**Student:** 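This structure is in structure tokens; I'll ask about it shortly.
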Amino acid sequence: MCSPSATLTVWAGSWLAGTSAPDDVLGALQAWAPTHTIAAGDPVTGGRSDLPWSSRGAVAGSGMMALLKVIREAAAGAEAWLRLVLPVPGDVRGLPVGTVFATDAVEAGEGLLVGAPGAEGIGLIPLWVEEDTVQWTIYSVPIPPEPGPEMALGEAEYTMREAVRDAADALMKLHTTAVGAVDSDPRELIEAELADYSRHDYPESIPLRARRILDTADHVAAILTVAQREPASSPTSASAIGAQDALLRPLWDAIRAARLVAVHAAARGDR
């Protein structure tokens, strides 16, 4: 699993559908950190949710059961859904425009929206406030309409299979043009990255194809992470760095798109 927000989206969706227990959600999140808290992102949200307000970086807030309570209340209603966001500068699709949540989600690179499109809902963003503590900040936000049709699961699966080959080609190209000796074995580094991803479990209810997409996306991400790490590529100039970015960015974009498709399918219980 790529992020705490993805874990919460998948497992909370399974819990709300009645196929997982609250303890299952808590156990999945503890693979990221043993302690999770929730606090309001501003005094107004704190007043609405009856949660403590804390500035960023402060260890304060209610515990995990409060987080599940907030999600259940925001997800009430037939039109409500859980939606993962993985924004990057230049691509903020799916975010409520002009909100503090949108700004903070871009900075964090992740977040979760809960509610019905067009209605008031909540946004959640995780923040490591200590080495063993993740604090989920809650924001009151208008839930935007879906940014547009996503890829079908079949298309996302095919895209990720192609991306494995393209990522391996990129890794080979960057190592071939590396400056100086490369002592480490890329295969060992990739296996280490994959081992970190594999610490995170999926609900039994997750569609098999969605799981395959997420596993393959993790594989591609592991290859790209190794490709970017020194001394593999050792870019020595602005033009070299730009060339590396141009080579890898489309693959990172494909990973984000595929992960969103798979996570949303899992949260909805698609088959």
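Predicted, not measured: the structure shown is a model, and the values here were computed from it. Side-chain atoms are counted along with the backbone in the values below, which use heavy atoms only and exclude waters and symmetry mates.
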**Student:** With a 4.5 Å heavy-atom cut-off, do F101 and I125 have their side chains touching?
**Tutor:**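 F101 vs I125: side chains touch.
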**Student:** Taking NZ, NE, NH1 and NH2 as the nitrogens, is one of them in K69 or E73 under 4.0 Å from a carboxylate oxygen of the other?
**Tutor:**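 A salt bridge is present here (some side-chain N lies under 4.0 Å from a carboxylate O).
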**Student:** Specify the closest pair of heavy atoms between L113 and G123, including all atoms of both residues, with the distance to one decimal.
**Tutor:**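 Closest pair (atom of L113, atom of G123, distance): CD2-CA, 4.1 Å.
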**Student:** With a 4.5 Å limit on heavy-atom distance, are the side chains of I122 and V70 in contact?
**Tutor:**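 Answer yes - side chains close enough.
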**Student:** Looking only at heavy atoms, which two atoms of I143 and A116 are closest? And how far apart?
**Tutor:**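 Closest approach of I143 to A116, heavy atoms only: CB-O, 3.3 Å.
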**Student:** Would you say T99's side chain and P96's backbone share a donor-acceptor pair under 3.5 angstrom?
**Tutor:**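 The answer is yes, because a donor-acceptor pair under 3.5 Å joins these two groups.
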**Student:** Determine whether a donor-acceptor pair (N or O, by modelled atom type, separation under 3.5 Å) exists between the side chain of D91 and the backbone of V88.
**Tutor:**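 Not a single qualifying donor-acceptor pair exists.
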**Student:** Going hydrophobic residue to hydrophobic residue with side-chain gaps under 4.5 angstrom, can you get from Y158 over to L251?
**Tutor:**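 No, separate clusters.
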**Student:** State, to 0.1 Å, how close A40 and T137 come at their nearest heavy-atom pair, and which atoms those are.
**Tutor:**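 Reported closest heavy-atom pair: C-CG2, 4.1 Å.
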**Student:** Charged N to carboxylate O below 4.0 Å: is that the case for D169 and K173?
**Tutor:**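 No, D169 and K173 are not salt-bridged.
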**Student:** Can you tell if the side chain of M151 reaches within under 4.5 Å of the side chain of T159, non-hydrogen atoms only?
**Tutor:**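 Counting from C-beta outward, M151 and T159 do come under 4.5 Å.
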**Student:** Roughly how far, to the nearest 0.5 Å, is CG of D24 from CG of L29?
**Tutor:**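 That separation rounds to 11.0 Å.
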**Student:** How long is the gap from NE2 on H219 to CD1 on I190, to the nearest 0.5 Å?
**Tutor:**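 CD1 of I190 is found 6.0 Å from NE2 of H219.
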**Student:** I need the minimum non-hydrogen distance between E110 and S5, along with the two atoms involved.
**Tutor:**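 Taking E110 first and S5 second, the nearest heavy atoms are OE1-OG, 2.6 Å.
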**Student:** To the nearest 0.5 Å, what is the distance between OG1 on T216 and CD on E162?
**Tutor:**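 Answer rounded to 0.5 Å: 12.0 Å.
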**Student:** Identify the heavy atoms of L95 and A102 that sit nearest to each other, and give their distance.
**Tutor:**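 So the minimum-distance heavy-atom pair works out to CD1-O, 3.8 Å.
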**Student:** Scan side-chain atoms only and decide if D104 and Y139 contain a donor-acceptor pair under the 3.5 Å cut-off.
**Tutor:**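 The answer is yes; a qualifying pair exists.
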**Student:** So, for G94 and P144, which heavy atoms are closest and what is the spacing to 0.1 Å?
**Tutor:**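 Here G94 and P144 meet closest at O-CG, 3.3 Å.
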**Student:** Tell me whether T225 contacts the main-chain N or O of A221 through its side chain, where contact means a donor paired with an acceptor under 3.5 Å.
**Tutor:**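 Yes, the answer is positive, given that a donor and an acceptor are paired below the 3.5 Å cut-off.
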**Student:** Under 4.5 Å between any side-chain heavy atoms of L84 and H264, yes or no?
**Tutor:**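 Yes. Closest side-chain heavy atoms under 4.5 Å.
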**Student:** Would you say L8 and L67 make side-chain contact, with heavy atoms under 4.5 Å?
**Tutor:**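 The answer is yes, as the side chains (C-beta and beyond) meet within the 4.5 Å cut-off.
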**Student:** W128 vs T133, test: side-chain contact (heavy atoms from CB on, under 4.5 Å). Steps then yes/no.
**Tutor:** CA-CA 6 Å; W128 266 267; T133 302; over 6 Å; no
**Student:** Can you see whether W81 has R83 sitting over its ring - NZ or CZ less than 6.0 Å from the centre and within 45° of the normal?
**Tutor:**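 Geometry flag: set, cation within 6.0 Å and 45°.
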**Student:** Assess the residue pair V129 and V134 against the criterion (side-chain contact (heavy atoms from CB on, under 4.5 Å)); give the C-alpha distance rounded to whole Å, side-chain angles, the decisive distance to 0.1 Å, and a yes or no.
**Tutor:** CA-CA 6 Å; V129 290; V134 171; over 6 Å; no
**Student:** Is L82 close to V10 at the side-chain level, that is, under 4.5 Å between some pair of heavy atoms?
**Tutor:**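 Of all side-chain heavy-atom pairs linking L82 with V10, none is under 4.5 Å.
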**Student:** Is any side-chain heavy atom of H36 less than 4.5 Å from a side-chain heavy atom of W136?
**Tutor:**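 Result yes, sub-4.5 Å side-chain heavy-atom pair found.
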**Student:** Go through V92 and V106 one step at a time and tell me if the side-chain contact (heavy atoms from CB on, under 4.5 Å) criterion holds.
**Tutor:** CA-CA 7 Å; V92 295; V106 171; 3.6 Å; yes
**Student:** Taking the side chain as C-beta and beyond, is there a heavy-atom pair between V141 and V100 under 4.5 Å?
**Tutor:**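 No, their side chains stay 4.5 Å or more apart.
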**Student:** Working note: H200 + W32, criterion ring pair (Phe, Tyr, Trp, His ring centres under 6.0 Å); need CA distance, chi angles, decisive distance, verdict.
**Tutor:** CA-CA 8 Å; H200 304 283; W32 290 101; 4.0 Å; yes
**Student:** Tell me whether the count of non-hydrogen atoms from other residues, nucleotides or ligands lying under 6.0 Å of CZ in R161 goes above 12.
**Tutor:**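 Correct, the count exceeds 12.
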**Student:** Considering residues at least two apart in sequence or located in another chain, which fulfil the side-chain hydrogen bond (donor to acceptor under 3.5 Å, both in side chains) criterion with E193?
**Tutor:**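 Per chain and number, E193 pairs via side-chain hydrogen bond (donor to acceptor under 3.5 Å, both in side chains) with R229.
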**Student:** Roughly how far apart are I255 CD1 and I223 CD1, rounded to 0.5 Å?
**Tutor:**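 Here the rounded value is 9.0 Å.
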**Student:** Could you tell me the separation between the CG atom of L16 and the CZ atom of R268, rounded to the nearest 0.5 Å?
**Tutor:**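 One gets 14.5 Å once the value is rounded to the nearest 0.5 Å.
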**Student:** In Å and rounded to the nearest 0.5 Å, what is the OH to CG distance from Y202 to L214?
**Tutor:**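 Here the interatomic distance stands at 4.5 Å.
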**Student:** Under 3.5 Å, side chain of R199 to main-chain N/O of A31, donor-acceptor pair present?
**Tutor:**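 Pair found, side chain donor or acceptor close to backbone of A31.
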**Student:** Hey, are R212 and D215 close enough for a salt bridge, meaning a charged N less than 4.0 Å from a carboxylate O?
**Tutor:**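 The answer is no: the pair does not qualify as a salt bridge.
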**Student:** Using modelled atom types and a 3.5 Å cut-off, is there a donor and acceptor pairing between side-chain atoms of T19 and backbone atoms of S14?
**Tutor:**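 A pair under 3.5 Å: yes.
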**Student:** Given 3.5 Å as the limit, does a donor-acceptor pair link the side chain of Q135 with the main chain of I38, or not?
**Tutor:**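 Here the side-chain-to-backbone pair does not exist.
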**Student:** Please determine, by modelled atom types, if S20 and W11 share a side-chain donor-acceptor pair under 3.5 angstrom.
**Tutor:**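 Their side chains do not contain a donor-acceptor pair, so the 3.5 Å distance test is not met.
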